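Reminder, nothing fancy here: chain letters follow the sequence lines and each chain counts from 1. This one's a predicted model, so the numbers in the text were calculated from it and none came from an experiment.
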There are 2 protein chains.
Amino acid sequence: MQRKPIDILIVDDHPMVIEGLKTLLSDDERVSVKTHFINGTDTLSYLEKDTADVILLDVNLPDINGVEMVTKILNIRANVGIIGLSTYSEPSIINQMIKNGVKGYLLKNATADELVNAISQVQQGNFYFGSEVQKILADSVTQESTDLPKLTRREKHVLTLIAEGKTTNNIAEELFISPLTVETHRRNLMQKLEVSNAASLIKVAVEKKLI
Amino acid sequence: MQRKPIDILIVDDHPMVIEGLKTLLSDDERVSVKTHFINGTDTLSYLEKDTADVILLDVNLPDINGVEMVTKILNIRANVGIIGLSTYSEPSIINQMIKNGVKGYLLKNATADELVNAISQVQQGNFYFGSEVQKILADSVTQESTDLPKLTRREKHVLTLIAEGKTTNNIAEELFISPLTVETHRRNLMQKLEVSNAASLIKVAVEKKLI
DNA sequence: ATCAATATACTGGAAAACCAGTAGAAAAAA
DNA sequence: TTTTTTCTACTGGTTTTCCAGTATATTGAT
């Protein structure tokens, strides 16, 4: 029994990846690449008129970031399955993507087999994550929330300024607030992030990809 | 006059990139992809027995880093043209690659045209850099050496410890030296890296991929 | 063997960061 | 509207970093 092939949409700004995916998928008659886009905007406007079964979505698009893309896509087509694709594995991003509703996630070193597997699983409504991705997910559970203890907007702002190497006084000038206030923010940041100096603060900020 | 096609070697650990490159290059009869490898070791042992005209070399291989690969390849086959490939543009890496002898550098969002162009230029002994890469090179000239002003081994070590958020005294204990010495190192580091506090120091260290 | 670079260590003083506690105003949430 | 959170700001005291200059032992290179 030959079923209708799964319609695939590829979204990636790298021509060589697009071609690669098409080639890898062309050998398998269960899937059929419908079309491809090299940015988020075009993808979304396409989805307004037409749809697909599964979208292979590069996380690093030139215009819209991957996490937002997931939300926007599912807003338009709630039934489409999204598989995230990225070169490197960034726990926080992957976690956010999953929260927003991706059904699968693969690194770009995935094989054709993994790819087709992921697609058919996702099309059936299941989840599929590459082996490396699974490790990351496991880690992020053990480390009980890789994501940061909610910082306020102001705190994040101050944190980025600290990370830029600005001194308390510099920051105070830039934000038109008292240096004492800046210090309070820094103190609260250190407390929230459980560190004891500005250096560690930046280390954490870098780790959590805050800056 | 139909010349002998340029023999290409692809080195990349992403199946989809390999397939993509093959597809993109298959349309052009001036080039011919000889074979491909997914790691550095296999590539080098191949080059011991056989050669190619141009190597498309992914900078982020699983076993050997791109910069070293260039040196090793040219050690075996001095006449081969190497084109670096990477997803993101990292000035320091690109600069090092060029120093070590790559003849071209492209980001993975390069088009088929750019790719073939780069290959034929490099094969003729010329240089070819993608437009984004050229911008970076221009910037790094203006910023007079994006690469770090030689740090001593000890200084690098101290820098990493600072970046880990350790205090001067911690570091002193860890290295069995006086806190005053650690401070001197830190001072010299700040001078060399042209910053004025530990926070910036870490920022720079992160930027330069020292840690 | 000698010279240069590196790693080590100190003094002393100024500046900035760090700690603890408090508290009013503004904005957001209930 | 009331409550809570966030942003703001202060006092006062401790610790650490930052700056400038100096100096010796240990490497490494020629």
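Using a 4.5 Å heavy-atom cutoff, the side chains of B:L106 and B:V133 are not in contact.
Between the side chain of B:T43 and the backbone N or O of B:N39, at least one donor-acceptor pair lies under 3.5 Å.
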Could you walk me through whether B:S86 and B:Y105 pass the side-chain hydrogen bond (donor to acceptor under 3.5 Å, both in side chains) check? CA-CA 8 Å; B:S86 66; B:Y105 204 101; 2.9 Å; yes
For A:N170 and A:L161, what are the C-alpha separation, side-chain angles and deciding distance, and is it a side chain to side chain contact (heavy atoms under 4.5 Å, CB included)? CA-CA 9 Å; A:N170 284 158; A:L161 293 175; over 6 Å; no
Protein-proximity profile, nucleotides 17-30 of chain D, B/S/- by nucleotide at the 4.0 Å heavy-atom cutoff, equals SBBBB---------
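A:L175 has its CG atom 18 Å from the P atom of D:dT6, to the nearest Å. Straight-line distance from the CD1 atom of B:I171 to the P atom of C:dT8: 12 Å, rounded to whole Å. Atom CD in A:E173 sits roughly 11 Å away from atom P in C:dA16 (whole-Å rounding). Separating the CG atom of A:L189 from the C1' atom of D:dT6 is a distance of 13 Å, rounded to the nearest angstrom. Rounded to whole Å, atom P of D:dT8 lies 13 Å from atom CD of A:E174. Atom CG of A:N188 is separated from atom C1' of C:dA23 by 14 Å (rounded to the nearest Å).
Summary for the helix from C:dA1-D:dT30 to C:dA30-D:dT1: the axes at its two ends, each from 5 pairs, differ by 70° when rounded to the nearest 10 degrees.
Residue pairs meeting the salt bridge (Lys or Arg N to Asp or Glu O under 4.0 Å) criterion with at least one partner in residues 35-52 of chain A, sequence neighbours excluded, are A:K34-A:D50. For residues 179-189 of chain A, every residue pair satisfying the side chain to side chain donor-acceptor pair (under 3.5 Å) rule, not counting sequence neighbours, is listed here: A:T168-A:R186. Among residue pairs with one or both ends in residues 32-87 of chain A, those qualifying as ring-ring contact (aromatic ring centres under 6.0 Å, His included) are A:F37-A:Y46; sequence neighbours excluded.
Atom CD of B:E68 has more than 12 heavy atoms from other residues, nucleotides or ligands within 6.0 Å.
Residue A:L180 places its side chain closer to D:dC10 than to any other of D:dC7, D:dC10, C:dC10.
Here A:H185 does not reach the OP1 or OP2 of D:dC7: none of its side-chain N or O atoms lies under 4.0 Å away. Side-chain nitrogen and oxygen atoms of A:T181 include at least one within less than 4.0 Å of the OP1 or OP2 phosphate oxygen of D:dA9.
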Do any side-chain atoms of residues 9-19 of chain A form donor-acceptor pairs under 3.5 angstrom with protein atoms, and if so which ones, sequence neighbours left out?
{"unit_1": "A:D12", "atom_1": "OD1", "unit_2": "A:H14", "atom_2": "N", "d": "2.8"}
{"unit_1": "A:D12", "atom_1": "OD2", "unit_2": "A:K108", "atom_2": "NZ", "d": "3.2"}
{"unit_1": "A:H14", "atom_1": "ND1", "unit_2": "B:K108", "atom_2": "O", "d": "3.4"}
{"unit_1": "A:H14", "atom_1": "ND1", "unit_2": "B:N109", "atom_2": "N", "d": "3.3"}

